[in-house]
Student: 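Okay, here's the structure, questions in a sec.
Values in this document were obtained by computation on a predicted structure and should not be read as measured data.
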Amino acid sequence: MVSLSRLRFVALLLALALAPAAAAETLGWEACVREAAANNAELLTARANFAAAGERVAAARSGFFPQVSAGAARSESEGSSPIISGDPAYSASVTATQNLFAGFLDQARVEQAEANRERAAAAYDAARATLSQDLKSAYAGLYCAQEYLALTARIVERLEENLRLVELRFEGGRENKGSYLLTLASLEQGRYDQLQARQAVETARAQLARALGRRDAGELQVEG
């Protein structure tokens, strides 16, 4: 009698085999590096914070430079007649101010802004190092998972061939039932290992997609 767990296992394998396959996308290492540098959320945040810190340094240093402001105005002059008015008058002004001494306040602002920029630079370097490590680990993990899945596929194919031979010998009376059942159990174990290998590939794809800044891994593959 066939067990219920075995029927579920066979049904799962059939569902995986009959599921429509999406188009596979194969990436090399250099392509992964470029995509992660352009799309990884943590790296983009750290990069934006570093750029903003640099702008704040420039703003803090502006206190040492002259401040220039300009203005313009237009006014209507009154004529002798209420119907006919005079020509409009225009005026313009330019004002420049220079802060000579502010009790070292400007210098303190610059030093604080530069310290914040150094902290943002350190955070940016840390984000790059973390991404580099995560990307290498995810890339190698997916590559190994792909190789193991291919290996399990070859093992299952060989076990299926062995089962057919043993089954023919068993039906012809040249093989005992114990040998047949042992071969059948080996095949089921090989299929189970293949299913685990597929799950490992999906997990590795998700990890690589996260490092690349993707929301969906799809049928992502790596090479090289």
Side-chain angles (χ1 to χ4, degrees), residues 22-73 92-150 196-224:
E25 179 184 7
T26 304
L27 294 178
W29 171 249
E30 296 297 334
C32 288
V33 171
R34 290 192 298 269
E35 183 172 344
N39 299 326
N40 182 266
E42 290 78 7
L43 183 64
L44 292 179
T45 300
R47 186 184 299 161
N49 291 337
F50 177 62
E55 295 295 331
R56 285 191 289 269
V57 170
R61 288 176 177 172
S62 65
F64 293 103
F65 304 115
Q67 305 297 317
V68 180
S69 60
S93 63
V94 177
T95 304
T97 59
Q98 173 66 57
N99 184 13
L100 298 179
F101 182 72
F104 300 106
L105 179 61
D106 293 333
Q107 181 62 31
R109 289 174 178 172
V110 172
E111 291 177 356
Q112 181 179 6
E114 289 178 345
N116 291 336
R117 183 179 60 179
E118 292 178 0
R119 185 161 49 249
Y124 180 42
D125 290 339
R128 292 177 59 187
T130 300
L131 176 58
S132 176
Q133 180 180 358
D134 293 345
L135 186 61
K136 291 176 182 177
S137 177
Y139 189 91
L142 179 55
Y143 183 80
C144 292
Q146 291 174 179
E147 293 295 307
Y148 182 61
L149 178 59
Q196 285 188 319
R198 289 176 180 172
Q199 294 174 345
V201 168
E202 294 300 324
T203 301
R205 280 175 177 165
Q207 293 176 349
L208 181 59
R210 190 181 306 112
L212 294 176
R214 296 188 180 189
R215 294 184 178 180
D216 185 14
E219 293 296 318
L220 183 62
Q221 296 180 355
V222 296
E223 63 181 358

Student: Please report the shortest heavy-atom distance between A37 and R47, naming the atom on each side.
Tutor: O-NH2, 2.9 Å
Student: Assess whether side chain to side chain contact (heavy atoms under 4.5 Å, CB included) is satisfied between Q133 and T130, documenting all intermediate values.
Tutor: CA-CA 5 Å; Q133 180 180 358; T130 300; 5.9 Å; no
Student: Would you compute the distance between atom CD of E223 and atom OH of Y139 and round it to the nearest 0.5 angstrom?
Tutor: 6.5 Å
Student: Filter on salt bridge (Lys or Arg N to Asp or Glu O under 4.0 Å), then keep only pairs touching residues 120-146, sequence neighbours left out; what's left?
Tutor: none
Student: Distance from Q221 atom CD to T26 atom OG1, nearest 0.5 Å?
Tutor: 4.5 Å
Student: Do the ring planes of F50 and Y124 sit parallel (below 30°), tilted (30 to 60°) or perpendicular (above 60°)?
Tutor: parallel
Student: Scan for salt bridge (Lys or Arg N to Asp or Glu O under 4.0 Å) pairs involving residues 33-43, sequence neighbours excluded, and state none if there are none.
Tutor: E35-R214
Student: Which atoms form the tightest heavy-atom contact between A145 and V201, and what is the distance?
Tutor: O-CG2, 3.4 Å
Student: Mind checking the CG-CG spacing from L43 to L131? Nearest 0.5 Å is all I need.
Tutor: 5.5 Å
Student: Using a 3.5 Å distance criterion without hydrogens, assess whether the side chain of Q146 forms a donor-acceptor pair with backbone atoms of V222.
Tutor: yes
Student: Would you check, one step at a time, whether the test side chain to side chain contact (heavy atoms under 4.5 Å, CB included) holds for E25 with L27?
Tutor: CA-CA 7 Å; E25 179 184 7; L27 294 178; 3.9 Å; yes
Student: Show the nearest heavy-atom pair for residues A46 and A127, with the distance to one decimal.
Tutor: CB-CB, 3.8 Å
Student: With sequence neighbours excluded, tell me which residues meet side chain to side chain donor-acceptor pair (under 3.5 Å) with E202.
Tutor: R205
Student: Can you tell me if CD on E147 sees more than 12 non-hydrogen neighbours from other groups inside 6.0 Å?
Tutor: yes
Student: Under the side chain to side chain donor-acceptor pair (under 3.5 Å) test, which residues partner Y143, sequence neighbours left out?
Tutor: none
Student: Listing request: all salt bridge (Lys or Arg N to Asp or Glu O under 4.0 Å) pairs with a residue in residues 112-124, at least two apart in sequence or in separate chains.
Tutor: R61-E114
Student: Give a yes or no answer on whether the side chain of N49 reaches the backbone of A120 with a donor-acceptor pair at less than 3.5 Å.
Tutor: no
Student: When rounded to the nearest 0.5 angstrom, what distance separates CG in L220 from CG in L208?
Tutor: 5.0 Å
Student: Donor-acceptor pair, R56 side chain versus A51 backbone, under 3.5 Å?
Tutor: no
Student: Could you walk me through whether N40 and L135 pass the side chain to side chain contact (heavy atoms under 4.5 Å, CB included) check?
Tutor: CA-CA 10 Å; N40 182 266; L135 186 61; over 6 Å; no
Student: Taking ring pair (Phe, Tyr, Trp, His ring centres under 6.0 Å) as the cut-off, I'd like each qualifying pair that reaches into residues 202-222, sequence neighbours left out, listed once.
Tutor: none
Student: Around Q196, counting heavy atoms of other residues, nucleotides and ligands shown, do more than 12 lie under 6.0 Å from its CD?
Tutor: yes
